[in-house]
Amino acid sequence: MRTTFRRLSAILFIVVVVQVAFAAFGAFDAVHRADKVAISKKTIENGFNVHGALGTLIVILMLLLLIVAAAGRLGPAMVRLSGGIFALGVIQFLLGVVSTSAPAVGLLHGLNALLIFSATGVLAHRMWAGDHAGARRAEAPPAAA
């Protein structure tokens, strides 16, 4: 289970990075299209279709990560971190839905995306560096006086 969790943490981080790229595509696609012709709301939304679909997949991956952490008995720290990431994902999904009607909420959507990026990056780093639950710190020899 640890190997599955480790791989899933890396996949999740990579997909989050790709998700940010698709958000940028949606924004710049709208600007590009508006430069040429008057565009409709539907045209703008079409530029964000992949971003929205990938967001749903990300939340599912986050839930899967939490399930693997709990079922794999990876320790309370990994379960808490996975649970926090899943909570951020659910909040992100809700903020995305609300932001289309309340654009100011979109600021929170962007800030929460940074939290997700950071949390998934920290998790993937810990898993690939072997520093889960402080394992490295526990093995380090005491400092000389």
Side-chain angles (χ1 to χ4, degrees), residues 1-140:
M1 279 292 216
R2 186 172 304 282
T3 300
T4 301
F5 186 81
R6 189 173 125 188
R7 289 180 180 158
L8 191 55
S9 71
I11 290 166
L12 181 59
F13 179 66
I14 290 166
V15 174
V16 166
V17 171
V18 171
Q19 175 72 336
V20 173
F22 280 122
F25 171 81
F28 289 113
D29 183 60
V31 170
H32 174 75
R33 290 176 188 269
D35 213 18
K36 297 180 188 302
V37 294
I39 59 172
S40 67
K41 179 181 177 187
K42 186 67 179 162
T43 302
I44 294 171
E45 288 173 346
N46 287 344
F48 286 94
N49 281 345
V50 176
H51 177 76
L54 192 57
T56 303
L57 175 65
I58 287 172
V59 174
I60 292 168
L61 287 173
M62 291 171 167
L63 177 58
L64 184 59
L65 184 80
L66 177 57
I67 291 168
V68 171
R73 298 184 179 137
L74 300 179
M78 287 299 117
V79 173
R80 277 193 307 273
L81 185 52
S82 300
I85 288 170
F86 177 64
L88 288 172
V90 171
I91 291 167
Q92 186 71 347
F93 181 83
L94 295 173
L95 289 172
V97 170
V98 172
S99 294
T100 59
S101 300
V105 177
L107 294 171
L108 297 175
H109 184 73
L111 291 173
N112 195 56
L114 293 173
L115 292 174
I116 291 170
F117 172 81
S118 299
T120 57
V122 165
L123 176 62
H125 178 266
R126 283 185 182 173
M127 292 310 298
W128 286 87
D131 189 27
H132 44 61
R136 264 201 186 152
R137 287 185 296 277
E139 294 173 7

Worksheet item: Is there a side-chain contact between Phe25 and His51 (heavy atoms, below 4.5 Å)?
Response: no

Fill in: Side chains of Phe93 and Thr56 in contact at under 4.5 Å (non-hydrogen atoms)
yes

Fill in: Euclidean distance, Arg80 CZ relative to Leu66 CG, rounded to 0.5 Å
12.5 Å

Fill in: Ala69 versus Phe5, closest heavy-atom pair with distance
CB-CE1, 3.5 Å

Worksheet entry | Distance (rounded to the nearest 0.5 Å) between Thr4 OG1 and Leu74 CG | 9.5 Å

Fill in: Backbone N/O of Phe13 and side chain of Thr120: donor-acceptor pair under 3.5 Å
no

Practice prompt. Using a 4.5 Å cut-off on heavy atoms from C-beta on, say whether the side chain of Ile85 contacts that of Leu12.
Written response: yes

Worksheet, complete the sentence: Of all heavy-atom pairs linking Leu88 and Ala119, the shortest is CD1-CB, 4.4 Å

Practice prompt. Using the side chain to side chain contact (heavy atoms under 4.5 Å, CB included) rule, take Val68 and Leu65 through it: C-alpha gap first, then chi angles, then the decisive distance, then the call.
Written response: CA-CA 5 Å; Val68 171; Leu65 184 80; 5.9 Å; no

Item to complete: Identify the two heavy atoms, one from His109 and one from Ser99, that lie closest to each other, and give their separation to 0.1 Å.
Response: CB-OG, 4.0 Å

Response to the item:
For Ala10 and Trp128, the nearest pair of non-hydrogen atoms, with its separation, is CB-NE1, 3.3 Å

Worksheet entry | Close side-chain approach of Gln19 and Ile116, heavy atoms under 4.5 Å | no

Discussion item. So which atom in Met127 and which in Arg6 form the shortest heavy-atom distance, rounded to 0.1 Å?
Written reply: O-CD, 3.4 Å

Item to complete: Could you tell me whether the side chain of Gln92 reaches within less than 4.5 Å of the side chain of Ile58, counting heavy atoms only?
Response: no

Discussion item. So, applying side chain to side chain contact (heavy atoms under 4.5 Å, CB included) with Leu95, which one of Val98, Val97, Ile91 is it?
Written reply: Ile91

Worksheet item: Should Arg73 and Met1 count as side-chain neighbours, where that means a heavy-atom distance under 4.5 Å?
Response: no

Item to complete: Using the side chain to side chain contact (heavy atoms under 4.5 Å, CB included) rule, pick out the option among Leu123, Ile67, Leu61 that qualifies with Leu8.
Response: Leu61

